[in-house]
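As the structure is a computational prediction, the values presented were derived from the model and not from experiment. Letters go in sequence order (proteins before strands), and every chain restarts at 1.
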Number of protein chains: 2
Amino acid sequence: MTKPDPLLDALAQVAFKTTTALTEVAGDVGLTLPQLRVLGILRGRRVRMSDLAAYLALEKSSLSGLVDRAEGRGLVKRERSEADARAIEVFLTDRGEALARAIEHRAASAVDDLLGPLSQAERDALLGLLAKALSD
Amino acid sequence: MTKPDPLLDALAQVAFKTTTALTEVAGDVGLTLPQLRVLGILRGRRVRMSDLAAYLALEKSSLSGLVDRAEGRGLVKRERSEADARAIEVFLTDRGEALARAIEHRAASAVDDLLGPLSQAERDALLGLLAKALSD
DNA sequence: TATTGTTATACTCTATAACTATA
DNA sequence: TATAGTTATAGAGTATAACAATA
């Protein structure tokens, strides 16, 4: 019959559990998951629309809407780039920074719950493996 | 300034990378990520709508639409439960099973790429940690 | 009364295509 | 010509609220 790939299954399940948890955190503060991602990426940074779209693996037009809505809520601002008059840079407002901070705390707590059964040593090992997987 | 949580960051990034990869796999076969999840869960199973919704962490109404579209593509079928006349069970059609099988191969390959830098021993260790995290 | 599922409605997310402005 | 971004449009996903049928 079927031949499941255990690593695929485990990774997919953890990924879905993580996004579900982050979606809940976002909802708690009146955001969606993509909005939470934008805030997370923009913490302490000023990013060009095209770079942000590439990082999120979204089309430019999708990002326009995302940023429109975030801007409408007063969380981010747009500013024309001085170096390239075609480009627009996005960054967090004070309110956006504050919300991003609140989200970070809640998200860390949610992830902590998710990893409940793991000891500190196991968490360290997991971090090492994840970091290496991300290093390619 | 800020105090990032390394494990939160790494887990979130891996989760997003995984879902991005699975979204691409889904797109390759004309599906969306939620549809891919439905197919993956339904492999070799017959599940009640309410159970499927709970598993996916979706409202019943959201699942109705998801299953409507999958049924419209001939991938799943609905059947009234014999045990409880209120309940409806969903299951894959032959075409749905075949597509789920094709997805499994592509997804395994995509995850393999994602974990590129990890040795076999590290993959085994990662699987162990993920499985334990999921065991709560 | 409680549970199962659907429908109606509204909003968010996303992509494609066509457009403007700048390089 | 190529790149950066927006707008228009359409489809999918999601939640809330109201509903019908069954337990």
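In this structure, CG of B:L31 is placed 9 Å from P of D:dG13, rounded to the nearest angstrom. Residue B:L58 contributes atom CG, which lies 14 Å from atom P of C:dG5 at whole-angstrom precision. Whole-Å rounding puts the B:E82 CD to C:dT4 P distance at 18 Å. Note: CG (B:L56) to P (D:dT14) measures 8 Å, nearest angstrom. Rounded to a whole Å, the CD1 atom of B:I88 is 9 Å from the C1' atom of C:dT6. If you take CD of A:E89 and C1' of D:dT6, they are 18 Å apart, rounded to a whole angstrom. Atom pair B:Q35:CD and D:dG11:P shows a separation of 16 Å (rounding to whole Å applied). The CZ-C1' distance, from A:R69 to D:dT6, rounds to 14 Å in whole Å.
B:R45 places a side-chain N or O within donor-acceptor distance of the main-chain N or O of B:I41, the cut-off being under 3.5 Å. Side chain of A:E122 to main chain of A:S119: a donor-acceptor pair is present (N/O by atom type, distance under 3.5 Å, no hydrogens or angles). Using modelled atom types, one side-chain atom of B:E104 and one backbone atom of A:D5 make a donor-acceptor pair closer than 3.5 Å. The main-chain N or O of B:I88 is never found under 3.5 Å from a side-chain atom of B:S81 such that the two would form a donor-acceptor pair.
Residue pairs meeting the side chain to side chain donor-acceptor pair (under 3.5 Å) criterion with at least one member in residues 48-70 of chain B, sequence neighbours excluded: B:D68-B:R78.
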(request) Test salt bridge (charged side-chain N to carboxylate O under 4.0 Å, His left out) on B:R80 and B:E89 and set out the steps. (result) CA-CA 6 Å; B:R80 195 117 236 151; B:E89 295 168 348; over 6 Å; no
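One axis for each end of the helix from C:dT1-D:dA23 to C:dA23-D:dT1, each built from five base pairs, and the angle between them comes to 0° at 10° resolution.
Of the listed nucleotides (D:dG5, C:dC13, C:dG5), D:dG5 has the atom at the smallest distance from the side chain of A:M49. Taking only side-chain atoms of B:L66, from C-beta outward, the nucleotide of D:dA4, D:dG13, C:dG5 with the closest atom is D:dG13. Comparing atom distances between the B:S64 side chain and each of D:dT14, C:dT14, C:dT7 picks out C:dT7 as nearest. When each of C:dT14, D:dA15, D:dG5 is scored by its nearest atom to the side-chain atoms of B:E59, the top-ranked nucleotide is D:dA15. Listed nucleotides: D:dA4, D:dT7, C:dA15. Nearest to the side chain of A:D68: D:dT7.
No more than 12 heavy atoms of other residues, nucleotides or ligands sit less than 6.0 Å from atom NZ of B:K77.
Between A:D112 and A:R106, none of the side-chain N atoms (NZ, or NE/NH1/NH2) sits under 4.0 Å from a carboxylate O, so this pair counts as no salt bridge. For B:K17 and B:D113, the salt-bridge test fails: no basic side-chain N is under 4.0 Å from an acidic carboxylate O.
For A:S81, no side-chain nitrogen or oxygen approaches OP1 or OP2 of D:dA4 to under 4.0 Å. In this structure, A:S62 reaches the C:dA15 phosphate: one of its side-chain N or O atoms is under 4.0 Å from OP1 or OP2.
Side-chain contact between A:L114 and B:L11: present, with at least one pair of heavy atoms (C-beta onward) separated by less than 4.5 Å.
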(request) Can you check each nucleotide of nucleotides 17-23 of chain C against protein heavy atoms at under 4.0 Å and return B for base, S for sugar-phosphate only, - for none, in 5' to 3' order? (result) B----BS
